[in-house]
K.L.:
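Pasting a structure below so you can have a look.
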Amino acid sequence: MKVGIPKELNSEESRVAATPKTVKRLMKQGFEVYIEKGAGLKSNFSDKEFEDSGAHIVNSAKEIYGESDIVLKVLEPTPAEVEKMREGLVLLSYLWPARNQDLLKLLADRKVNAVAMDAIPRISRAQKMDVLSSMANIAGYRAVIEGAYHFGRFLNGQITAAGKVDPAKVLVIGAGVAGLAAIGAANSLGAIVRAFDTRKEVAEQIESMGAQFLTVDIEEDGSTSSGYSKVMSKEFIEAEMKLFLEQAKDVDIIITTAQIPGKEAPKLILDYHVAAMKPGSVIVDLAASTGGNCIYTKNGEIFTTDNGVTIIGKLDQLPSQASQLYGNNLCHLLDDMGKAENFKIDFKDDVISRAMVTHDGKINWPPEPLPVSPQKPKVEVKQKSIEEIKAEEALKAKKKSTNMFIQLAVVGALLFLVGQFAEPQFMQHFTVFVLAVFVGWNLIWNVTHALHTPLMAITNAISGIIVIGGLLQVTDDFSNPVTIVAFLAILVASINIVGGFFVTQRMLKMFKK
């Protein structure tokens, strides 16, 4: 099978759907690879690099669309490009089907089997094909770099001979893939990072990345089964706007990442937020392509407001890195579709059935909702009073004492029964052994499970008893079998105890940098 990669026609697009590395991978999958001349120049990949990787260079997009079985693209094709596509062609590209119904009709009329890479469902199995996450990761990182460039000062705090430099304060709105990438980059550069998200579940993720989680005093969660946030209530939005105003007065850089698939981006930074920001502050709007989260954002432009706030609606795509990640996503999808040898379009596959937006002249959009595991109903926990807690603790202590008494009674009965038949000298040693085991068991077993380590395991408690018993039996007569057995017992038990210390030391070293 032939895979074709055409040149992107949009002058603003610098990515390409394959790199020399992914070309080698495509060939290992059994495909012949054809690339339009100059397709990778904007991504810093020359035609020679592609040829050295095993690809064939062709002179025009017409050859790609007319002779390939599969075409890999970045941006959605233009009507002129669709006209060049042959019937039965498989197209893997961004398509944005929710807002490109006319394009879907053109593709269906040409009987092109089109896979919208931006419509890959966000399920665990499809993470390796999720182009939105791959590109969002780059955008989040780049947002911090460009925000720092336009801010014009250090992000980290410094104390120098010339004076003290305060660290910059960065607010990240939205803690998806892009938001978390931005948090990580800003934190690594030394900034004080704060983050806001309507989904309470991301609080731990934000804090683990080194940022402070901001929230409002309203018990409402924006989580949904799709992974995106839902539209919040009027009261929540009002509290959210108030929080943003307080932060706008204090922070130096605001990075917004909120987008809704198929819809215009929500407006989060309004005119009075921008007016409250200090001169020299920066807003990086990652939702610029869908209308922007800031009311002043202009897609593809960077400008400064009258009060000195720089608003960035355009980012460097890092084309080489972005093309590599995007190419990997495409290769993973072709892996799932059977590679060249067993390539097929399987509508029983959850990924293909939802991302294949046109097939055999029919439009398959919107897809059926992806079934998700039902969430367990929340169980309301009754708040207990101090008196009730004390009563429960007293009852547990009473049961524990009763159980201890029963166990002692059983041990006493056992010793009494054995004593009826055994010799007095044996009974003396046997009684010490049984009581030692009983005390050791209860001592170790009642330790909180969170504190259990190899040093506090029951086996080590028994080893300690064996060592003590062995020491009592050892004499200076090494021809005595009892002394030999006692010496071996001490040796084996000591190995167990020392091994416990050794293993614990290795475990502790795992948590040291």
Side-chain angles (χ1 to χ4, degrees), residues 1 3 17 29 69-77 82 85 87-137 176-178 199 222-231 258-265 287 289-290 325-339 342-375:
M1 295 184 74
V3 170
Q29 292 174 326
D69 300 295
I70 301 170
V71 167
L72 310 180
K73 264 186 60 64
V74 180
L75 295 184
E76 60 269 34
V82 175
M85 295 181 184
E87 184 178 317
L89 177 71
V90 176
L91 172 68
L92 277 61
S93 171
Y94 276 92
L95 292 174
W96 306 112
R99 62 175 189 244
N100 275 333
Q101 290 296 317
D102 291 341
L103 174 60
L104 296 189
K105 189 174 185 309
L106 286 175
L107 291 169
D109 290 344
R110 296 289 295 184
K111 292 190 176 181
V112 172
N113 302 319
V115 175
M117 296 303 296
D118 49 279
I120 297 288
R122 287 193 157 177
I123 57 178
S124 298
R125 185 174 69 82
Q127 288 180 354
K128 60 187 178 182
M129 317 165 203
D130 189 351
V131 299
L132 297 181
S133 293
S134 298
M135 299 303 107
N137 185 26
V177 175
R199 298 167 297 163
S223 302
T224 64
S225 59
S226 67
Y228 294 96
S229 300
K230 67 178 182 181
V231 178
Q259 296 193 74
I260 303 171
K263 296 182 181 179
E264 186 176 348
S289 62
T290 54
L325 293 179
Y326 184 68
N328 286 341
N329 293 141
L330 294 170
C331 288
H332 283 306
L333 181 57
L334 291 174
D335 271 336
D336 266 29
M337 296 180 78
K339 305 180 184 179
N342 300 306
F343 186 83
K344 65 176 180 178
I345 297 172
D346 183 8
F347 273 88
K348 293 181 180 179
D349 186 299
D350 287 334
V351 175
I352 300 302
S353 63
R354 285 160 181 81
M356 182 74 71
V357 293
T358 62
H359 182 256
D360 282 346
K362 296 179 182 178
I363 297 175
N364 301 318
W365 186 265
E368 295 181 5
L370 187 66
V372 296
S373 301
Q375 296 182 348

K.L.:
Quick check against the 3.5 Å criterion: does Glu76 have a side-chain atom that pairs as donor or acceptor with the backbone of Trp96?
P.N.:
no
K.L.:
Can you find a heavy atom in the side chain of Val90 that is under 4.5 Å from one in the side chain of Phe343?
P.N.:
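Result yes, sub-4.5 Å side-chain heavy-atom pair found.
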K.L.:
Answer yes or no: is there an ion pair linking Asp336 with Arg125, defined by an N-O contact shorter than 4.0 Å?
P.N.:
yes
K.L.:
If I compare all heavy atoms of Ala126 with all of Val351, which pair ends up nearest, and what's the gap?
P.N.:
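Closest approach of Ala126 to Val351, heavy atoms only: CB-CG2, 3.8 Å.
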K.L.:
Quick check for you: to the nearest 0.5 Å, what is the distance between Cys331 atom SG and Leu72 atom CG?
P.N.:
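Answer rounded to 0.5 Å: 7.5 Å.
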K.L.:
Out of curiosity, Leu334 CG to Met1 CE, how far, rounded to the nearest 0.5 Å?
P.N.:
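Here the interatomic distance stands at 9.0 Å.
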K.L.:
Does some side-chain heavy atom of Arg122 sit less than 4.5 Å from a side-chain heavy atom of Ser133?
P.N.:
yes
K.L.:
Under the 3.5 angstrom rule, does the side chain of Tyr326 hit a backbone N or O of Lys73 as a donor-acceptor pair?
P.N.:
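A pair under 3.5 Å: yes.
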K.L.:
Do you know which two heavy atoms are closest between Ala258 and Ala265, and how far apart they sit?
P.N.:
O-CB, 3.8 Å
K.L.:
For residues Asp346 and Ser353, determine if any side-chain heavy atom of one lies less than 4.5 Å from a side-chain heavy atom of the other.
P.N.:
no
K.L.:
Atom CG in Leu104, atom CG in Asn364: separation rounded to 0.5 Å?
P.N.:
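Rounded to the nearest 0.5 Å, the CG-CG separation comes out at 9.5 Å.
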K.L.:
The test is side chain to side chain contact (heavy atoms under 4.5 Å, CB included); show your working for Leu103 and Val82 and say whether it passes.
P.N.:
CA-CA 9 Å; Leu103 174 60; Val82 175; 3.9 Å; yes
K.L.:
In Å and rounded to the nearest 0.5 Å, what is the OG1 to CG distance from Thr358 to Asn113?
P.N.:
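The distance works out to 6.0 Å.
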K.L.:
Nearest heavy-atom pair of Val357 and Ala116: which atoms, and what distance?
P.N.:
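Closest approach of Val357 to Ala116: CG1-CB, 3.9 Å.
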K.L.:
Is it true that a side-chain atom of Asp118 and a backbone atom of Val131 form a donor plus acceptor pair closer than 3.5 Å?
P.N.:
no
K.L.:
Whether the side chain of Gln127 engages the backbone of Ile123 through a donor-acceptor N/O pair (distance < 3.5 Å, no angle test) should be reported.
P.N.:
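Answer holds: no.
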K.L.:
Is there side-chain contact between Ser93 and Leu75, with heavy atoms separated by less than 4.5 Å?
P.N.:
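Heavy-atom side-chain distance check fails, nothing below 4.5 Å.
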K.L.:
Are the side chains of Leu333 and Met117 in touch, meaning some heavy atoms are under 4.5 Å apart?
P.N.:
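Leu333 reaches Met117 side chain to side chain.
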K.L.:
For Glu368, does its backbone N or O pair with a side-chain atom of Arg354 as donor and acceptor, under 3.5 Å?
P.N.:
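Such a contact is found between Arg354 side chain and Glu368 backbone.
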K.L.:
With rounding to the nearest 0.5 Å, note down the distance linking CD in Gln29 to CG in Asp335.
P.N.:
4.5 Å
K.L.:
Heavy atoms, side chains only, cut-off 4.5 Å: are Asp130 and Asn329 in contact?
P.N.:
no
K.L.:
Are Met356 and Ile345 close enough, and set up right, to give a side chain to side chain contact (heavy atoms under 4.5 Å, CB included), and what steps lead you there?
P.N.:
CA-CA 9 Å; Met356 182 74 71; Ile345 297 172; 3.5 Å; yes
K.L.:
Apply the side-chain contact (heavy atoms from CB on, under 4.5 Å) test between Leu91 and each candidate in Ile70, Leu107, Val115; give the one that qualifies.
P.N.:
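Option passing the side-chain contact (heavy atoms from CB on, under 4.5 Å) with Leu91: Leu107.
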K.L.:
Nearest 0.5 Å, please: how far is CE in Met129 from CD1 in Ile352?
P.N.:
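One finds 7.0 Å between CD1 of Ile352 and CE of Met129.
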